[in-house]
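Here is the structure we will look at.
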Amino acid sequence: MGPVIMNAGSKEAILEGLNPPQRDAVLANQGPVLILAGAGSGKTRALTRKIAYLIQHEGVAPWEILAVTFTNKAAAEMRDRCAQLVGDRVEFPWLGTFHRTGVRMLREHGELVGVPQNFVIYDQSDQRAMVNRCIKGLGFDKVTPQSVAEFINSAKLRALTAREVAVEDDLRPDDRFLRVYERYEEEMKKSAAVDFSDLLMQPLRMVRDNPVVASSYKRRWRYVLVDEFQDTNQVQYDLLRATLNDERRICVVGDDDQCIYRWRGADVGHILGFAQDFPGSTVIRLEQNYRSSGRILAAASALISSNTERHPKTLWTDRDHGELVRVHRAGTDLAEADYVIGQVRARRAHVPLREMAIFYRTNAQSRPFEDALRRSAIPYRVVGGLKFYDRAEVKDMLAYLKVLVNPSDAVSLERIINTPTRGIGQKTIQDLRDYARGHGCTMWEATRHHAMAGTPGQQKKLGPFVDIMAGLAGLMEDSSALTIAKEALERSTYLERLEAEDTAEADARIQNLQELLNAIEEFGVASADHTLSGYLEQVALVSDLDSADLSADNLMMMTVHTAKGLEFDTVFVTGMEYGLFPHFNSMEEALGEEEERRLAYVAMTRAKTHLTLTCAGQRRRFGTYESSPPSPFLDELPPEVIEEDGRGPQRSAFSARATSGWGNRRRGRLSGQIMSAPPVVRDEFDQSSGFDELNDWSPESATAGALRGGSRVFHPSFGEGVVLEVDGDDQDAKATVRFATGLQKRIISRFLTRAG
DNA sequence: TCTGGACGTCTTTTT
DNA sequence: GACGTCCAGA
């Protein structure tokens, strides 16, 4: 089959406007190619042109290209841009995320690894529910669903089944985690469900164990493109290798400095070692940055240069120096938010809101910004955090639909069997579980059985539920997804019960459900796939960012992780504090610090013209105020490109440097030690806010007042300790503290600050 | 079986 | 502060 569109562009047209390395990237199409693409170096541009070139000049058909991106959003963008270059009607069936590719592969040949065709995808809360069921079923206590889920997922990151991980890791057969994993495998199979890890691991096993299938993919995919290659994990990498044919036409693109998913199994080693793993590969470097001003780039480059695990590279730009990078130290998280919003208001005259973004390390940090924005009536959009599809009422409705598509789905069935309440309690559910296990049938079959032959009480309660579901199932044949969803909402009396509540909260839920119906309708229109299962599959794989409308004129707020791949005129990187960014949890391993630094690098390189970094001396965490010194990353920025403003505590007073061994830690390792700021005087705080109440607190009431037995505290002369007892209240409270040195003392609370 | 209150955990980051 | 879990009492 030849090229689809013959007239859409000569070689010259495709290469137009590209710099020499970008051209090389487009033209290098034989054998393995590694493109090291620095931040803002026009990678997407080069990639889309390359696809156009492959189609128009190399005789590769769109369906012969496997193109893997990291997010659905990136995939959509690439698809759009390719369509513009090659012709609107061209489809790229294999352009998507690794997970979506995995789904497609499983739909084709999943039975070979025991995955039935109508499988449902469990997200992590479904997975946790399933793990929980298994733990309960085995009668274990002392193991938390979370820790087991982590165990299972890490085994799956190595593509190991329960039996295999037992052998590999030499586990005792009665190891509790192992027993749960075994049970989990059985139950998942019975529910015809797969989890996120399965979407990668099962396709890998499928091609590994079935050479015929493997070679069908090898024939199909004549060219393989992988974006964000630095974030591939071992399973993904193995999957690529297992389906790559002898021509080895693979092109990977990435930036080792932007590897920020190590916790999810991403291995920078894949990009660092690509040239060795694929002998004869061409290496192309894209080092000209088109995005950021000179000073922003200088600041980011200086920061990342402290890392050791990286390809040495130099990004350059021919743009102006631009403005200085601003650093602002605020007294509290509220003052920080206030400062940032003040800046947003000032810039708003020249820069559209949609070109401004606030980044933070953790989702929980969005709160103060949201409050401040609402007060200022500035429209904003929070990406991530509690996702629409994670809301209880939405999950409930989806669970109804999942059971209709796949009645074996035990987790979803248990979710809805008593939602809304119909008098079916734990006892009955346990009976159903026991029966299902005893008879080797599914939960749904057990439910039907008990509706006919259970105790009279059970028959009375379960009967109507079974009728509702059977009635809905009757619609499956020839009704649209939208109709079925609407009927489910009606017949389950879900809507009715919410309306009866008549509270603001219930109203919000009803609105969310309406929004869900809209989404289902939209899906039917947009995708020409009117089936319920098509919709559910889509839902399982979309992220919040995918549905975010970046064109609306809203200020964007998101975590640094979500920000990867985006760019904004004005960027605020907030919460630059020791313990938050870098995050405490990253400090246990030596490599954790480097990943946090890469994260900061990603954040900074999103900015085109204005970049501001902020931190707060005191921040509300878990409901109480805690102090933390500024991030050591701030100290790594070259003084000549930054300006500090605000009257916040000065570096010398606040920096961890003054407290202990951080001063000469340029290439040192983060110690796990917890440092606290010295007590601060209110007048030193930033007072730029017009909202007095924001600054109206004192360190005493914020910290000491909240001390309890068990609180971890810090004292300027005695160091770290744990509170044993508190007596008195507020200002004059005395706390009995045992310090790490063994010393035990009664101390007036206001001399203590909270620690970790 | 349902409800409300006490209590503990949580916070890294997401397909 | 916010959510899930557990328990006592209706």
Side-chain angles (χ1 to χ4, degrees), chain A residues 68-75 96-103 121-125 127-129 132 136 141 144-147 153 156-157 194-201 228 231-233 235-236 259-266 333 359-368 371 383-387 389-392 418 420-429 457-458 461 537-546 558-565 575 579-588 592 595-596 598-600 602-603 619-626 706 708 710 756:
Chain A
V68 196
T69 58
F70 200 69
T71 62
N72 291 301
K73 187 178 154 44
T97 61
F98 265 110
H99 289 83
R100 194 172 285 280
T101 306
V103 171
I121 301 167
Y122 278 3
D123 66 19
Q124 80 212 46
S125 77
Q127 181 187 39
R128 227 183 49 204
N132 214 356
K136 295 243 165 71
D141 44 10
T144 65
Q146 222 162 322
S147 57
N153 289 331
K156 291 189 177 196
L157 274 178
V194 298
D195 58 33
F196 276 139
S197 314
D198 283 327
L199 296 180
L200 305 175
M201 155 176 165
E228 306 282 10
D231 281 318
T232 50
N233 65 33
V235 176
Q236 293 166 333
C259 172
I260 55 174
Y261 285 94
R262 231 169 49 85
W263 50 275
R264 211 168 85 185
D333 49 353
F359 300 157
Y360 33 75
R361 178 68 180 80
T362 68
N363 283 303
Q365 288 163 251
S366 70
R367 207 27 162 317
D371 292 344
V383 186
L386 214 212
K387 290 179 219 143
Y389 288 108
D390 284 342
R391 286 169 212 235
N418 195 37
T421 53
R422 22 176 104 83
I424 301 169
Q426 274 309 304
K427 175 76 177 66
T428 305
I429 292 176
Q458 288 175 343
K461 306 272 172 62
E537 179 177 310
Q538 141 101 7
V539 164
L541 297 176
V542 294
S543 72
D544 205 36
L545 181 62
D546 301 328
M558 65 191 85
T559 65
V560 180
H561 282 90
T562 345
K564 187 167 83 157
L580 190 58
F581 201 172
H583 198 276
F584 276 129
N585 296 7
S586 71
M587 298 177 186
E588 278 159 28
E595 175 137 323
E596 295 288 310
R598 288 193 294 268
L599 208 42
V602 167
R619 174 179 300 280
R620 212 179 165 98
R621 227 183 140 218
F622 301 136
T624 51
Y625 272 96
E626 296 180 6
R708 291 181 305 220

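Throughout, a chain's letter reflects where its sequence line sits, starting with A, and its residues are numbered from 1.
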What does D123(A) touch in the nucleic acid at a heavy-atom separation under 4.0 angstrom: a base, only the sugar-phosphate, or nothing? nothing
Taking only the P atom of each, what is the distance from dG4(C) to dT13(B) in whole angstrom? 16 Å
Could you check whether N153(A) and Q124(A), counting side-chain N and O atoms only, form a donor-acceptor pair closer than 3.5 Å? no
Applying a 4.0 Å non-hydrogen cut-off, can you work out what N363(A) is touching in the nucleic acid: base, sugar-phosphate, or nothing? sugar-phosphate
Closest contact, heavy atoms only, T97(A) versus F70(A): CG2-O, 3.7 Å
Between P of dT15(B) and NE2 of H561(A), the distance in whole Å: 11 Å
Checking contacts here: which listed nucleotide (dG1(C), dT14(B), dT11(B)) is nearest the side-chain heavy atoms of N585(A)? dT11(B)
Whole Å only: how far is the CG atom of L541(A) from the P atom of dT15(B)? 10 Å
I need the CZ-C1' distance between F581(A) and dT11(B), as an integer number of Å. 15 Å
Under 4.0 Å, heavy atoms only, any strand: does R100(A) hit a base, just the sugar-phosphate, or nothing? nothing
Report yes if the ring of W263(A) lies under 5.5 Å from the six-membered base ring of dT13(B) with planes under 30°, and no otherwise. yes
Expressed in angstrom and rounded to an integer, what is the separation of R391(A) atom CZ from dG4(C) atom C1'? 18 Å
Output the rounded distance in Å from CZ (F584(A)) to P (dT9(B)). 19 Å
Other residues, nucleotides, ligands: >12 heavy atoms within 6.0 Å of R264(A) CZ: yes
For a quick check of understanding: with a heavy-atom distance under 4.0 Å over all strands, which category does E595(A) fall into, base, sugar-phosphate or nothing? nothing
Rounded to whole Å, CZ of R128(A) lies from C1' of dG4(C) at a distance of 8 Å
Touch check for Q146(A), heavy atoms < 4.0 angstrom, all strands: base, sugar-phosphate only, or nothing? sugar-phosphate
Could you tell me the separation between the CG atom of N153(A) and the C1' atom of dT14(B), rounded to a whole number of Å? 12 Å
Can you tell me if the side-chain N/O atoms of T71(A) get under 4.0 Å from OP1 or OP2 in dT14(B)? no
Min side-chain heavy-atom separation R621(A)-Q365(A) under 4.5 Å: no
Testing dG1(C), dT14(B), dT11(B) for proximity to the side chain of R620(A), the answer is dG1(C)
Which nucleotide in the list dT14(B), dC2(B), dT5(C) gets nearest to the side chain of N418(A)? dC2(B)
From CD1 of I429(A) over to P of dT1(B), roughly how many Å is that when rounded to an integer? 9 Å
dT14(B) phosphate, OP1 or OP2: any side-chain N/O from T559(A) under 4.0 angstrom? yes
Side-chain N or O of R367(A) less than 4.0 angstrom from OP1 or OP2 on dA2(C)? yes
Per atom distances to the F196(A) side chain, the nearest of dT15(B), dT11(B), dT14(B) is dT15(B)
Considering every strand and a 4.0 Å limit on heavy-atom distances, what is the contact class for F98(A): base, sugar-phosphate, or nothing? nothing
Earlier contact from the 5' end, DNA chain B, for T428(A) and T97(A): T428(A)
For residues R422(A) and K461(A), report the shortest heavy-atom separation together with the two atoms involved. O-CD, 3.4 Å
For N233(A) and G265(A), work out which heavy atoms get closest and say how close. CB-O, 3.1 Å
